[in-house]
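Working notes for the structure below.
It should be emphasised that the depicted structure is a prediction, and the values quoted were computed from it without experimental measurement. Order of appearance sets the numbers: ligands from 1, and atoms from 1 within every ligand.
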Amino acid sequence: MSELLDTQAMEILQKNDRGGYTVPTARLYPYQWNWDSAFVALGFGTFDRERAWTELELLLEGQWQNGMVPSILFRHDDPDYFPGPSVWQTQSMHTPQPPMPSTGVSQPPILACVMRQLVDSGDNTDLQHASQLFEQTFNWHKWYQTQRSVNGVVCTVHPWETGRDNCPDWELGLDSMAVDSELEPYQRMDIKHANPEQRPSKEQYDKFISIVKFGREQQWNQRVLTDDGPFLMADPGIHFILLRANKDLLAIARRLKLTDAIAELETMIDAGERATDYFWNESLGAFTARNIKTGEFSNGLSNASVLCFFAGSGSKQQQQLTIEHLQRIQRQVRFLMPSWDPAADMFDAQRYWCGPVWPQMNYLVSMGLEEQGYDVLAKAIRGDMTALIRQSGFYECFNPVTGDGCLGTDFSWTAAIWLAWASPNRQRLAA
Ligand code: GLC
């Protein structure tokens, strides 16, 4: 059965390949998505190294001059997707003009982590590829410092920038903003291609589009978007991923003997470690999202909270308390790791980021736990991922209680994570 699934996974990646870049799934997501592409490269990396690097090179083709790598690259205009290039208008609004139509926000910077996996499991050719992409990747990391940080804490201006688009974490920031009173009427496409019950509500969507309107009106000036935008939160997901990505980039810089970059990255990592405490929610005993404008903490633990292990950050005590949450949640659901705490308000086993298990998150969480010596939980999370895919197939995400697949089918990152990690026939690439 595993061999059959291995073959299917490869076929999914090939089927979703649009000539050097891969769409997450046909119809629902018809463009190149930032962190999806990085995970996809891990999958290709198990059977076609050159194709893996091409995916990453094409992602960086969309990088803005200020360093930002957008969340979606619109290489063509697909009328079946909303909000597409005519809504974002980044090319006509922003100076200097971005290299291609794209969104005006980013997504979790997992790229450097993937590059390191490919380098560590590869040969000199992989190192050469990494060397070619090094500076661009480094510039993206610096963009977080110069354009997306407030008092040393990296933040986010749009739930879509976190990759955890509809997590209850964002309610805090969304509640404190209003829908733009001049919002033009629009037609959603997501609810045409996916079950509306599993997608965001109309009010949430109006707010998502209001933030886009603000960005457009500010010509996508990223500093203005951060300082004066309607939404500003700190996301443990982006924080921990960026911290880990800086560490992975440092490892690559050492291999390449880039003395200046090594020193600069060490400073960035120190600053990142200092910011970790900002996310510590004392009353919950976990790292959670926070509304930067008010300092208020989100009241639930998410799968991003447990990325502290992946970042190798937080005190022993903070990590121990996080482990206890994981053990409790393991008793509450059949499959780890739900995207939202089943004990928290708004848990919904089938709704987008309010409960479902996400393959790419399980991969990161498990890798972190393994590295920090929590082998039993690391194995349980991997085992659950294997079981979910065996039970339901290559869905976008899965119900943690029943194991049913949710939302998109034949999903690229699920296929990639299977190949690189969840398939019993593979060891993790870096193993
Ligand atoms: C959804 C997810 C996001 C992902 C995108 C494409 O918007 O929330 O994380 O990148 O789909 O798969």
Side-chain angles (χ1 to χ4, degrees), residues 12-13 15-18 21-43 55 59 62 69-75 78 80-84 87-88 102-103 105-111 114 156 158-170 174 188-196 198-201 204-205 208-209 211-212 235-238 241 289 302-304 307 337-340 348 350-365 394-398 405-417:
I12 289 173
L13 291 185
K15 196 178 77 178
N16 291 340
D17 184 350
R18 294 290 178 271
Y21 75 93
T22 310
V23 297
T25 182
R27 295 172 55 98
L28 181 61
Y29 305 127
Y31 300 109
Q32 183 174 19
W33 259 259
N34 184 326
W35 71 329
D36 294 65
S37 262
F39 290 112
V40 156
L42 281 179
E55 185 82 28
L59 173 62
V69 182
S71 59
I72 311 174
L73 304 182
F74 303 119
R75 290 174 193 273
D78 187 328
D80 218 18
Y81 182 82
F82 180 86
V87 179
W88 291 90
S102 70
T103 60
V105 297
S106 196
Q107 248 191 346
I110 199 72
L111 171 67
V114 168
T156 181
H158 198 304
W160 292 346
E161 193 167 59
T162 69
R164 302 186 297 121
D165 304 20
N166 194 40
C167 181
D169 270 338
W170 317 130
L174 293 173
R188 284 172 70 171
M189 292 294 174
D190 59 318
I191 44 182
K192 213 173 93 186
H193 300 306
N195 181 351
Q198 299 177 7
R199 297 285 306 175
S201 69
Q204 282 169 333
Y205 223 83
F208 295 159
I209 301 301
I211 308 173
V212 174
D235 169 24
I238 296 177
I241 288 174
S302 71
N303 50 359
L307 288 179
M337 167 62 197
S339 39
W340 188 242
D348 185 338
Q350 300 257 125
R351 192 181 277 272
Y352 203 51
W353 291 104
C354 299
V357 176
W358 295 77
Q360 86 289 11
M361 294 296 284
N362 266 23
Y363 166 70
L364 303 180
V365 172
F394 293 97
Y395 271 88
E396 179 172 357
C397 53
F398 302 85
C406 311
L407 297 159
T409 54
D410 288 350
F411 216 81
S412 296
W413 68 24
T414 312
I417 291 302

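One side chain, S302 or R164, offers a donor N or O that lies under 3.5 Å from an acceptor on the other. Side-chain contact check for T103 and S71: at least one donor-acceptor pair (N or O, by modelled atom type) lies under 3.5 Å.
The distance between the ring centers of Y81 and W33 falls below 6.0 angstrom. Checked against a 6.0 Å centroid threshold, the rings of F394 and F411 do not count as neighbours.
Listed for the E161 side chain is no donor-acceptor partner under 3.5 Å among the backbone atoms of T156.
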Output block, N or O contacts of ligand 1, threshold 3.5 Å exclusive:
| residue | atom | partner | partner atom | Å |
| --- | --- | --- | --- | --- |
| ligand 1 | 7 (O) | D165 | OD2 | 2.8 |
| ligand 1 | 7 (O) | Y352 | OH | 2.8 |
| ligand 1 | 8 (O) | G163 | O | 3.1 |
| ligand 1 | 8 (O) | D165 | OD1 | 2.8 |
| ligand 1 | 8 (O) | D165 | OD2 | 3.4 |
| ligand 1 | 8 (O) | Y352 | OH | 3.2 |
| ligand 1 | 8 (O) | W353 | NE1 | 2.8 |
| ligand 1 | 9 (O) | W35 | NE1 | 3.1 |
| ligand 1 | 9 (O) | G163 | O | 2.6 |
| ligand 1 | 10 (O) | W35 | NE1 | 3.1 |
| ligand 1 | 10 (O) | D36 | OD1 | 2.6 |
| ligand 1 | 10 (O) | Q107 | NE2 | 2.9 |
| ligand 1 | 11 (O) | Y29 | OH | 3.3 |
| ligand 1 | 12 (O) | D36 | OD2 | 2.6 |

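Residue pairs that meet the salt bridge (charged side-chain N to carboxylate O under 4.0 Å, His left out) test with at least one member in residues 351-361, sequence neighbours left out, are D348-R351.
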